[in-house]
2 protein chains.
Amino acid sequence: MATARTTDGSGAPVPQRLLATATRLFAEQGYDRTSVQEIVEAAGVTKGALYHYFGSKEDLLHEVYARMLRLQQERLDAFAGADEPVEVRLRAAAADVVVTTIANLDDAAIFFRSMHHLSPEKHKQVRAERRRYHERFRALIEEGQQSGVFSSATPADLVVDYHFGSVHHLSTWYRPDGPLSARQVADHLADLLMRALRP
Amino acid sequence: MATARTTDGSGAPVPQRLLATATRLFAEQGYDRTSVQEIVEAAGVTKGALYHYFGSKEDLLHEVYARMLRLQQERLDAFAGADEPVEVRLRAAAADVVVTTIANLDDAAIFFRSMHHLSPEKHKQVRAERRRYHERFRALIEEGQQSGVFSSATPADLVVDYHFGSVHHLSTWYRPDGPLSARQVADHLADLLMRALRP
DNA sequence: CTTGGCATACCGACCGGTTAGTCTGTGGGC
DNA sequence: GCCCACAGACTAACCGGTCGGTATGCCAAG
């Protein structure tokens, strides 16, 4: 057995446990309202352990962003690059980002709310990666507009912001124990987007 | 002249100046990263003045919410109650909330980002007022769906969240010095909503 | 098999700095 | 002479981060 078996609560390795605990607490209370002491207590370790694995409290936050950005970019690339008509690819990508966001609601809640807690360099880096994502999505819409399957009445940039506004908003209102499953919400939101883009 | 004329920078009365300064700083740096000392210095007074007019730092934040909620509710009531076909009323209300949000971008940036800094009672109160607003808006959509001018494919609740997601998102990407005026953005976003609702 | 040495993983008391809020003081208009 | 509107020094609490210390496992030498 590789990992030490001490008197901890859960069996997961310490770094992962710290990150998971921090993510939950950041989402529940916000970054500033969550003290390092609180995180280590909830994870069943002490500050020494945290600063052994992470350079700072901010590193913990940055990890949340890195994880989220990597995941979403990978999925978008997969959907956008598929061998399908553009309207199928866009719909799939638009619905998938909703499902993925709901599956990681804590990350989503943190994402926009805590961006300004990142140091200037990390903030810039996150914004740059975010922009790449945005542009990949926009390219899909422009492709459809140029080929005539989507209306060109609205600039593609605005359409992207329209859709991602609603995705971002999910963490405010969506509740897993509510009447709609993630899949149902995703289908509805993707439908709204596709209907808004009808020529 | 009623208001005292001391050596302050701007001529506005002290309470308003404090609130305006706090709003700007909260939007720029976040609630927690803004110290009371910073606010009073930027407003050209001292802590004594702030605590003379406001009970706590949180009261300042609550004022931002109260102002925003009052303004939006008033305007929605006016538009929704007009003597026009439902599609005209909805479009006007949907566009107006965009214009008003852009006119008060700082308030909007604070609104969703800092909600969890409110005490439980105030948080609850804000959520309740917010829900009233949401329901008024939803009623408009349901009215159109029942009379057949809007598609019923998507539950009205979801449509409201879809639209307000994009409104909420404005503070993230909209820049007053960008290529689009508030009116143009409002028209585009209202168009997207109306097109998504076409039967 | 045992022993010594070293690295990794973690502990927890401690520190400098910051914060929201308090309280006593004061000056000028009525 | 009184009181409203503020001034500004002060405090008690808390926070992120540090650092010397300890326990445990591994590997190589004897």
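Lettering follows sequence order; numbering is per chain, from 1.
- Between A:Glu41 atom CD and D:dC14 atom P there is a gap of 13 Å when expressed in whole angstrom units.
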Derivation of the ring-ring contact (aromatic ring centres under 6.0 Å, His included) call for B:His169 and A:Phe112:
CA-CA 9 Å; B:His169 201 49; A:Phe112 290 90; 5.5 Å; yes
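- Atom pair B:Ile39:CD1 and D:dG8:P shows a separation of 18 Å (rounding to whole Å applied).
- The CG-P distance, from B:Leu18 to D:dA5, rounds to 14 Å in whole Å.
- Using a cut-off of 4.0 Å between Lys/Arg side-chain N and Asp/Glu carboxylate O, B:Arg91 and B:Asp187 are scored as salt-bridged.
- Rounded to an integer number of Å, the gap from A:Arg17 CZ to C:dA9 P is 14 Å.
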Intermediate values then yes/no, side chain to side chain contact (heavy atoms under 4.5 Å, CB included), B:Phe137 and B:Val159
CA-CA 10 Å; B:Phe137 207 92; B:Val159 177; over 6 Å; no
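- Environment of CZ in B:Arg198: crowded, with over 12 heavy atoms of neighbouring residues, nucleotides or ligands closer than 6.0 Å.
- Atom NE2 in A:His117 sits about 15 Å away from atom P in D:dC15, given to the nearest Å.
- Residues from residues 49-68 of chain A placing a heavy atom under 4.0 Å of any atom in DNA chain C, listed by number, are A:Ala49, A:His52, A:Tyr53.
- Contact annotation: the side chain of A:Asp161 approaches that of A:His134 to within less than 4.5 Å [non-hydrogen atoms, C-beta and beyond].
- Comparing atom distances between the B:Val45 side chain and each of D:dA7, D:dT18, C:dA20 picks out D:dA7 as nearest.
- Nucleic acid contact class of B:Thr46 (heavy atoms, under 4.0 Å, all strands): base.
- At whole-Å resolution of the value, CD in B:Gln29 and P in C:dT19 are 11 Å apart.
- Per the geometry, CG belonging to B:Leu25 stands 13 Å off P belonging to C:dT19, to the nearest Å.
- With rounding to whole Å, B:Gln37 atom CD is found 9 Å from C:dA20 atom P.
- We find that B:Arg24 and B:Asp106 are not joined by a salt bridge, their nearest charged nitrogen and carboxylate oxygen being 4.0 Å or further apart.
- For B:Lys47 against C:dA20, a side-chain N or O and a base N or O form a donor-acceptor pair under 3.5 Å.
- A cation-pi contact links B:Lys57 to B:Tyr31, judged by a cut-off of 6.0 Å to the six-membered ring centre and 45° from its axis.
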